[in-house]
Amino acid sequence: MSVEDLLAGLNPQQREAVQCTEGPLLVLAGAGSGKTRVLTHRVAWLIGACGIAPESILAVTFTNKAAGEMRGRVEKLLGPAAREVWLSTFHSSCARILRRDIPHLERRRDFAIYDDADSLATAKQVLKSRNLPAGNPEARRLRWQIDQWKNAGLRPEDAAERARDFEAEQSAELYGGYQRLLVRANALDFGDLLLCTTLLFRQHPQVLEHYRERWQYILVDEYQDTNHVQYQLVNLLAGEHRNLCVVGDPDQSIYAWRGANIRNILHFERDYNEARVVKLEQNYRSTQHILSGAGAVVANNTGRPDKQMVAVRGDGEKISLYEARDDRDEARFVVKRILALQREEQRAGGDFAVFYRTNAQSRPIEEELLRCNLPYVVVGGVRFYERAEVKDALAYLRLLVNRADNQALRRIIGRPARGIGRASLDRAQTLADQRGLSLFEGLRLLAGAGGRSAAPIRGFIELMESLARDAAQGSPADGLSLLLDRSGYLHALRKESTPDAEARHENLRELIASAEDFAETDAGANGADGRSAIGRFLDQVALVSDIDNANLRSESVSLMTVHSAKGLEFPVVFLAGLEEDLFPHKASSYDEDKIAEERRLCYVGMTRAMERLTLTYAQERRRFGSHTYAVPSRFLAEIPAEFLAAQSPGQRLTHAHDRSYAHDPADSDYDQTPPPPPGEPPDAVRPGSRVRHPLYGPGEVLEATGHGPRQKLRIRFDRFGVKKIVVRYANLQFG
DNA sequence: TCCAATGTGCTTTTT
DNA sequence: GCACATTGGA
């Protein structure tokens with residue numbers, strides 16, 4: 001492939017982002033602007049045109065899917081040389097670094113990686129050991145706090161130092177206890193992977209130097225979602241040579257609640273004052289109406305760099321809006337629309353996606369899809385690797401490679417039941433605590449002391465030792481089969497002989513199959529770390545649990561939360577449940593920053609749509625079992641009417657009389673043809689005058705500030721209560 | 001140690 | 001309304 005080919009099909013801004021290889025570069029890549037294209041071509045350009053060695057390039061993404069996609073596309077451009085590029089997620093990069101260099105921090109290389117459930121269980125253990133309430137809420141709160149600290153780059157002693165009140169002091173102390181438990185279990189949680197790597201770099205400059213020399217060019221994707229440790233990590237690595245390219249879109253920052261700091265991208269030019277900035281403002285995905293509608297929503301946020309996204313695909317259809325009577329009516333409408341579009345436009349099921357704010361909303365839509373025999377996939381929800389039986393099998397495997405893995409041991413000791421109960425476990429834990437040993441060693445001591453539980457414990461220890469002899473060095477798939485058999489797990493499952501047990505058995509077979517798949521791609525891959533195949537399999541499972549987005553392109557309609565939709569695109573998108581307290585979510589409604597994030601989330605959802613976008617909301621919705629009345633989301637009012645299609649009577653599912661209790665027929669904008677274009681707004685609207693809003697209907701102006709189109713009004717709507725409205729966006733009718 | 005009955009509390013969740 | 005976790009009894 002020639003050097004010119006590496007630039008083929010790129011627009012001038014994209015070319016600039018690809019060719020500007022030296023020094024810091026910020027690429028502000030709006031939704032659908034070809035961000036992945038730029039990243040992959042940039043990597044290819046560095047290697048193919050600048051002669052940079054592939055192994056000198058580090059490219060980090062947030063998801064394995066993004067990393068895999070990038071790798072595939074770079075390989076397509078360059079061939080096998082692309083394999084030498086270090087291209088992975090933040091977390092797996094850190095895991096790989098630590099597998100090599102964590103001994104500098106006095107820790108062992110063969111650490112286990114704890115998932116959320118393990119961390120939560122550990123948090124409970126700390127609370128219990130301090131005789132504090134150790135229920136779910138308390139443990140989750142502690143977990144969250146520890147996570148925040150880790151994301152901020154703080155160790156327990158740092159947290160303690162900053163504590164200003166008793167509660168913070170106590171939490172910091174608990175953080176320390178939690179950390180000691182992790183060390184004793186020879187385990188790292190997700191946050192540790194990042195935090196330990198930054199500590200490693202700070203405390204051991206020669207290690208940092210090694211990686212700095214190795215990675216002369218660094219690329220970071222989704223920079224708007226980086227948290228503080230990730231920010232530190234990137235700066236440590238790139239601070240010297242400053243060949244750092246970050247790509248992102250401040251308007252798509254939707255993970256602040258998990259510690260992401262939008263200021264990392266907003267302040268990039270301050271951090272690297274010689275930085276070049278390239279804005280990608282051509283959108284190749286959506287039509288202009290969709291783009292402008294979404295842009296108008298997010299424009300209500302303050303403190304964002306302005307950008308003007310332009311669609312290369314033309315205006316397209318306007319955004320549709322549907323007011324449903326309740327959540328079931330909403331589901332019926334969505335499914336009916338899908339069926340109609342399949343018929344009229346010969347669309348495949350895979351062209352459609354339904355997004356919602358919360359997972360609970362999928363249910364009525366699923367029911368309706370089921371009723372109409374439309375195949376669908378729910379993305380997210382209960383993940384494969386989180387199924388109890390899959391976690392059980394993996395816990396056996398974990399205990400096999402790391403005897404100190406206390407959470408794994410606690411999980412499987414009673415599965416199947418083998419006569420070792422709470423009492424024995426508590427005694428073993430006490431013995432272990434006294435001597436600073438692992439729970440496994442505690443059990444060994446307890447068995448040695450005789451007593452009723454000695455025999456079953458000995459049996460369990462022998463089981464683990466026999467498995468260690470016969471399975472630990474083999475393939476992960478063989479190991480799984482053997483341990484499921486010898487532990488009696490399969491036997492117990494078969495004995496149940498319920499459909500549910502059969503399903504669990506099936507999941508275990510699937511797990512073994514995935515272990516076999518792993519072995520095929522694993523051969524020779526990073527084998528230098530001296531770990532067993534099982535150890536590598538467990539890493540992959542812990543860090544790559546984002547399994548099969550494979551079905552997305554099939555015949556099935558996709559259902560997912562707006563968060564999961566990030567990075568995806570679909571020809572036809574439905575965004576459901578646009579109601580106050582749902583989207584924006586109630587928990588966000590008291591905080592402007594949180595509302596701003598909800599707004600960005602809405603922007604992300606809308607900009608996934610390529611050709612058609614439909615927004616729906618319900619007047620009434622079942623929540624937590626009871627009915628609640630809903631008010632349309634403020635985000636709907638933020639979309640200028642010029643981008644919205646009026647509802648045509650033909651699209652109605654419910655009859656007018658079904659809804660008459662809520663709508664005065666005289667002011668129904670939805671059942672009738674579109675209202676005549678509004679007259680020019682008067683120069684200044686006075687309090688007391690009557691207005692009509694396309695969404696909220698008639699109302700009375702209470703208060704007015706400013707002049708002309710920029711004027712802000714406070715209006716009491718006859719049906720929806722008091723709202724603040726900006727005249728320019730509201731498409732009000734006066735008079 | 002196990003089971004059933006009762007209680008509770010519910011956003012999002014790249015890794 | 002439902003999933004779960006904890007509790008109390010056998």
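Values reported hereafter were calculated over all heavy atoms of this structure, with side chains retained and with hydrogens, waters and symmetry mates removed. In what follows, chains carry the letters A, B, and so on, assigned in the order in which the sequence lines appear, proteins first and then strands, with residues in each chain numbered from 1.
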Could you tell me whether A/Ser564 contacts a base, only the sugar-phosphate backbone, or nothing, with contacts defined as non-hydrogen atoms closer than 4.0 Å? sugar-phosphate

Return the value, rounded to whole Å, for the distance between atom NZ of A/Lys566 and atom P of B/dT15. 12 Å

NZ of A/Lys586 versus C1' of B/dT12: gap in Å, rounded? 17 Å

Distance test, side-chain N/O of A/Ser92 to OP1/OP2 of B/dT15, below 4.0 Å: no

Measure from the side-chain heavy atoms of A/His585 and tell me the nearest of B/dT11, C/dC2, B/dT13. B/dT11

For a quick test of reading the model: is some side-chain N or O of A/Arg258 closer than 4.0 Å to OP1 or OP2 of B/dT15? no

A/Thr63 side chain near B/dT15 phosphate (N/O to OP1/OP2, under 4.0 Å): no

B/dT13 P sits how many Å from A/Asn227 CG, rounded? 18 Å

A/Arg328 has an atom CZ; how far is it from atom P of C/dG1, in whole Å? 13 Å

Find the distance A/Leu188:CG to B/dT15:C1' and express it as a whole number of Å. 13 Å

Please work out if A/Glu598 contacts a base, only the sugar-phosphate, or nothing of the nucleic acid, heavy-atom cut-off 4.0 Å. base

Mind checking A/Lys150 for me? I need base, sugar-phosphate or nothing, with any heavy atom below 4.0 Å counting as a touch. nothing

Using a 4.0 Å heavy-atom cut-off, does A/Arg140 contact any base of the nucleic acid, only the sugar-phosphate backbone, or nothing at all? nothing

Measure the acute angle between the ring planes of A/Phe201 and A/Tyr211, then classify it against the limits of 30° and 60° as parallel, tilted or perpendicular. tilted

Check for me whether A/Arg99 meets the cation-pi criterion with A/Phe111, that is, NZ or CZ under 6.0 Å from the six-membered ring centre and within 45 degrees of the ring axis. yes

May I ask whether A/Phe62 stacks on the base of B/dT15, given the cut-offs of 5.5 Å between ring centres and 30° between planes? no

Between the side chain of A/Gln224 and the main-chain N/O of A/Ile265, is any donor-acceptor distance below 3.5 Å? no

Could you please name the option among B/dT12, C/dG1, B/dT11 that lies closest to any side-chain atom of A/Trp257? B/dT12

What's A/Phe90 touching, base or sugar-phosphate or nothing? Going by heavy atoms closer than 4.0 Å. nothing

Using the ring pair (Phe, Tyr, Trp, His ring centres under 6.0 Å) definition, which of the options A/Phe355, A/Phe583, A/Trp257 pairs with A/His563? A/Trp257

I want to verify the glycosidic state of B/dT11; is it syn or anti under the 90° rule? syn

Separation of B/dT12 C1' from A/Arg357 CZ (nearest whole Å): 5 Å

Under 4.0 Å between a side-chain N or O of A/Asn359 and OP1 or OP2 of B/dT13? yes

Could you check how far CE of A/Met560 sits from P of B/dT13, rounded to whole Å? 11 Å

Taking B/dT13, B/dT11, B/dT15 as options, the one with an atom nearest any side-chain atom of A/Tyr255 is B/dT13

When you measure from the centre of the six-membered ring of A/Trp149, is the NZ or CZ of A/Arg155 under 6.0 Å away and within 45° of the axis? no

